[in-house]
There are 2 protein chains.
Amino acid sequence: MPGSPPLRLSPADCTCFRIRSAARRVTQIYSRHLGPTGLKISQFSLLGFVAWEGPVSIGRLSELLATDRTTLTRNLKPLLDNALVARAPSDDRRRHDLVATPAGRALFKRAIPLWTAAEQEVRAAMGAKLTSELHGTLDRSMERLAAL
Amino acid sequence: MPGSPPLRLSPADCTCFRIRSAARRVTQIYSRHLGPTGLKISQFSLLGFVAWEGPVSIGRLSELLATDRTTLTRNLKPLLDNALVARAPSDDRRRHDLVATPAGRALFKRAIPLWTAAEQEVRAAMGAKLTSELHGTLDRSMERLAAL
DNA sequence: GTCTATTACGTGTATATACACTATTATTGG
DNA sequence: CCAATAATAGTGTATATACACGTAATAGAC
């Protein structure tokens, strides 16, 4: 089996540029829908994870969300300030477990239909086939890139 | 032809979360490689576009990069401060045309091999098939989402 | 030729992101 | 028990992102 020909790569072929552009575009659409709740899309995700995973540490969230630990510290601030999430002491005093407050859970529930509308707008524009292709491709890419 | 069954969407199916996670992951890899140049990946892209497109306005760059105009104003600051990009007056005094300086073009050239290494690391981890699938899916998604 | 609508751009504000560094608490080896 | 090590988290700094708003200059209407 012969080796592949040497690829001629140009910066126009940049995987990073493509994925960052798409992320910006998609983020704008979701943000528009979520506007009335006062939640940004990343806050929606973060609040959802905290609500689902029950008491959870920053470090654990960092794994679940594939986000740097210190980024989450900053991202949590608006949620803590607005009392949507609260810190709870844990047995290990190095950790601060995070829980969603009743207000946080209520807001998340109110946000779900708006998120659904955003998701449906995107899926309607892309079509079911492209949507599932995109999800599958991204999921597999994340698996392959996790090792790096 | 019957309609599709009503989709039951859960926030775990979020397209935005997937694409943002992947963008974060990919960005980290490229940033690591580009570190020695002092350029972030977005600066590499921006500098490259300015160098290629010759004298170009902020508004035009905004279309090319699918980035908000005001974001580019901020993103350009480090490049202007480091004299990698310069403003040139244009016939229309509302516009400030941007050009890459010799230092900017030289740095971009030095950065290309590092970008290539990043691109190859990502492609090696993902495989050629998944890479081309990802690119195609992202490109088609951007087309479909541009209308929104 | 002026007045107005449009175009092109920057600023204020707020969030998102992550690396290097620091501080605190647990754990483990002796 | 105590010192060294590991684990957990926050801060300082810098960039990335975009909406709402304000400003300056051009183009068009008349």
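In what follows, chains are A, B, ... by sequence order, proteins preceding strands, each numbered from 1.
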Looking at every strand, decide which applies to B:Asn75 at a 4.0 Å heavy-atom threshold: base, sugar-phosphate, or nothing.
-> base
So, do B:Glu119 and B:Tyr30 sit near enough that their side-chain heavy atoms are less than 4.5 Å apart?
-> yes
Earlier contact from the 5' end, DNA chain C, for B:Ile58 and A:Gln43 = B:Ile58
For the residue pair B:Phe49 and A:Phe17, does the interplanar ring angle fall in the parallel (under 30°), tilted (30 to 60°) or perpendicular (over 60°) class?
-> tilted
Rounded to the nearest Å, what distance is computed from the CZ atom of residue B:Arg74 to the P atom of nucleotide D:dC19?
-> 13 Å
5' to 3' contact window, DNA chain C with chain B (heavy-atom distance under 4.0 Å) = C:dT7 to C:dC19
d(CZ, A:Arg69; C1', D:dA6) in whole Å | 14 Å
Hey, is the side chain of A:Thr73 poking within less than 4.0 Å of OP1 or OP2 on D:dA9, counting only N and O atoms?
-> no
Looking at side-chain heavy atoms only, is the closest gap between A:Leu47 and A:Gln43 below 4.5 Å?
-> no
Under 4.5 Å between any side-chain heavy atoms of B:Arg32 and B:Glu121, yes or no?
-> yes
Between atom CG in A:Asp97 and atom C1' in D:dT8, what is the gap in whole Å?
-> 12 Å
Do B:Asp97 and B:Arg60 come close enough that some side-chain heavy atom pair is under 4.5 Å?
-> no
Report yes or no: do B:Ser90 and B:Asp92 form a side-chain donor-acceptor pair below 3.5 Å?
-> no
Please round to 10 degrees the angle between the axis of the first five pairs and the axis of the last five pairs in the helix from C:dG1-D:dC30 to C:dG30-D:dC1.
-> 10°
Go through residues 15-34 of chain B and report each residue with a non-hydrogen atom lying under 4.0 Å from DNA chain C, sorted by number.
-> B:Arg20, B:Arg24, B:Gln28
Would you call A:Val122 and A:Thr131 a side-chain contact if the rule is heavy atoms closer than 4.5 Å?
-> no
Minimum heavy-atom distance B:Ile41-A:Cys14, with the two atoms named = CD1-SG, 4.4 Å
To the nearest Å, how far apart are B:Arg93 CZ and D:dT26 P?
-> 5 Å
Between the side chains of B:His96 and B:Ser57, is a donor N or O closer than 3.5 angstrom to an acceptor N or O?
-> no
B:Arg24-B:Ser21 side chain donor-acceptor pair, cut-off 3.5 Å | yes
Would you check if there is a donor-acceptor pair between the side chains of B:Arg110 and B:Thr37 at a distance under 3.5 Å?
-> no
Scan A:Arg95 against the nucleic acid and name what it touches under 4.0 Å (heavy atoms): base, sugar-phosphate only, or nothing.
-> sugar-phosphate
